[in-house]
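Read through the structure below, which is laid out as structure tokens, and then see the notes.
Below, chain A is the first sequence line, B the second, and so on; all start at residue 1. Model, not experiment: these values are computed from the prediction.
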Number of protein chains: 2
Amino acid sequence: MAYTYEYPRPSVTVDCVVFGLDDSADLRILLIERADDPFAGHWALPGGFVDMGEDLDLAAKRELEEETGIKDIFIEQLYTFGAPNRDPRGRVISVAYYALVNLSEHPIKAASDARQAKWFKISELPPLAFDHNKVLEMALERLRAKVLYKPIGFELLPEKFTLTDLQNLYETILGQQLNRRNFRSKILKMGLLEQQERQQNVPHRPAYLYKFNKEKYQRLSERLGEFIFEIRFQPRETED
Amino acid sequence: MAYTYEYPRPSVTVDCVVFGLDDSADLRILLIERADDPFAGHWALPGGFVDMGEDLDLAAKRELEEETGIKDIFIEQLYTFGAPNRDPRGRVISVAYYALVNLSEHPIKAASDARQAKWFKISELPPLAFDHNKVLEMALERLRAKVLYKPIGFELLPEKFTLTDLQNLYETILGQQLNRRNFRSKILKMGLLEQQERQQNVPHRPAYLYKFNKEKYQRLSERLGEFIFEIRFQPRETED
DNA sequence: TCAAAAGTGTTTAGTTTACACCCATGC
DNA sequence: GCATGGGTGTAAACTAAACACTTTTGA
């Protein structure tokens, strides 16, 4: 069956930049190996064509699940890329999303269509298909900026985590070391973390686990607007 | 001439939320009256179909100029709206932009195709065509959030402005009164404003005019990252 | 001389930074 | 008992908020 229109139309795709944190608190990105041309054999962001009648967000979630088995995660629209020649097949406009996932609780499955999916360290990325390097770049920027004023970092951690886990997360994403004492004070003073039981079986003093109280955050942010959650550390300027 | 594809394709449009400040520092939005169905006679955001081979940003700028005569302004992608039934003509995905313009220096021209364009006060908006109310809502949110940490407010002012103009702008956008003394200290301490000559012919003590030094801002923000420019006033919490 | 807005100094409270010592556990 | 991270108290520097008086101009 064919579809005919009076004016030419672009294709529309969705692409997802999926971030995860590995055991050593390194940031990773989920990529799939393309089976077909263009860019067969290259690594690319998971994604695909939007169905007619399908909402964009749903298309992003569907493609992600089809290609990697991952579902029920934090996902948000990033930006729409529409440079005329970004796809050699013709005019393809891509609505990009970024997603945050807890690596340990969302193992990737073999993709249904035999394309393999793999977590790459941010520091060891292969060259990507299409303009996906640019998309990824922008997603990283967004993540770094947003993590400073929205509590989205928790999406990368399991439900219960230690303050050290959380600090490692911020240090990884922001690419800077933070003072332990001050980090803890700042985070706890917000009153959004709930202390749980202690860790078990660690070869050192066991840390308390914490849960992020999302409901409380949402209640407060409705009442108070932005910046209930703000993590920022500006080292004091040293004299020249 | 007709275009035939193997799979159905959506149409892609761009829509622009254009903000301006009027003489009494009220925020206004530029709307056009639709000539044709759907929503003939209704007010809508300026916008239209993206040409094949045309970059999205360019499409937004082109449509804006065609419909309102406005060009060479600050414009940035906002969000892509793609709910399956947002347009009665079929599947239409709209990449929304928002723009900031200095109302006095960019008068609107009669639109080429006789549709009229008009500046509406934010508080006196008509019901809009399609999902444009939602788009506008999101643009406002973005503007309110972004003005706190990026110096985009200056785009709404003429090149030279008084500190009172600037303060009025922030009070309008944020919807809250600010302390004059603290506002001035904060803004001037950043070192990004350059004092010019004084106002003339005002029936009170003439204020100094200032220019925003964009180059200096860009240099600093490259070196120092986010938050060189930060306007925030949090009234101290009162005891209950 | 009056109205209207411009411009500034200072106190106080609160926050952020920087720093160093003790604690609990498994091996 | 020792290695490993966990946990905390506090002084000093800085920043933000709140407040009220003086200045300059045109009418």
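- In terms of the side-chain contact (heavy atoms from CB on, under 4.5 Å) criterion, residue partners of A:Arg62 (sequence neighbours excluded) are, by chain and number, A:Asp51, A:Glu54, A:Ala59, A:Glu66.
- Using cut-offs of 30° and 60° for the angle between ring planes, the A:Tyr149 and B:Tyr149 rings count as tilted.
- Atom CD1 in B:Ile187 sits about 15 Å away from atom P in C:dA6, given to the nearest Å.
- Between A:Lys186 and A:Gln200, the one whose closest nucleotide on DNA chain C sits nearer the 5' end is A:Lys186.
- Atom pair A:Phe183:CZ and C:dT17:C1' shows a separation of 16 Å (rounding to whole Å applied).
- When the P atom of D:dG7 is taken as reference, atom CG of A:Leu163 falls 7 Å away, rounded to whole Å.
- Atom pair B:Arg232:CZ and D:dA17:P shows a separation of 9 Å (rounding to whole Å applied).
- Between the B:Gln199 side chain and the B:Ala207 main chain, a donor and an acceptor come within less than 3.5 Å of each other.
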Between the protein and nucleotides 3-6 of chain D, list the N/O to N/O atom pairs that are separated by less than 3.5 angstrom.
from, atom 1, to, atom 2, distance (Å)
D:dG6, OP1, A:Thr164, OG1, 2.9
D:dG6, OP2, A:Thr164, OG1, 3.0
D:dG6, N2, A:Arg205, NH1, 3.1
D:dG6, N3, A:Arg205, NH1, 3.4

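- The distance from atom CD1 of B:Ile231 to atom P of D:dA17 is 12 Å, rounded to the nearest whole Å.
- At a cut-off of 3.5 angstrom, the base of D:dG9 holds at least one donor-acceptor pair with the side chain of A:Arg181.
- Rounded to whole angstrom, the span from the CD atom of B:Gln167 across to the C1' atom of C:dA5 amounts to 12 Å.
- For the residue pair A:Ser185/A:Asn182, the side-chain donor-acceptor check at 3.5 Å is not satisfied.
- One can place CE of B:Met190 at 13 Å from C1' of D:dA16, the figure rounded to the nearest angstrom.
- Remark: B:Lys186 is not positioned above the aromatic ring of B:Phe183, lacking an NZ or CZ atom under 6.0 angstrom from the ring centre and at most 45 degrees off the axis.
- Rounded to whole Å, the distance from CG on A:Asn182 to P on C:dC19 is 10 Å.
- The shortest distance between side-chain heavy atoms of A:Trp43 and A:Lys118 falls below 4.5 Å.
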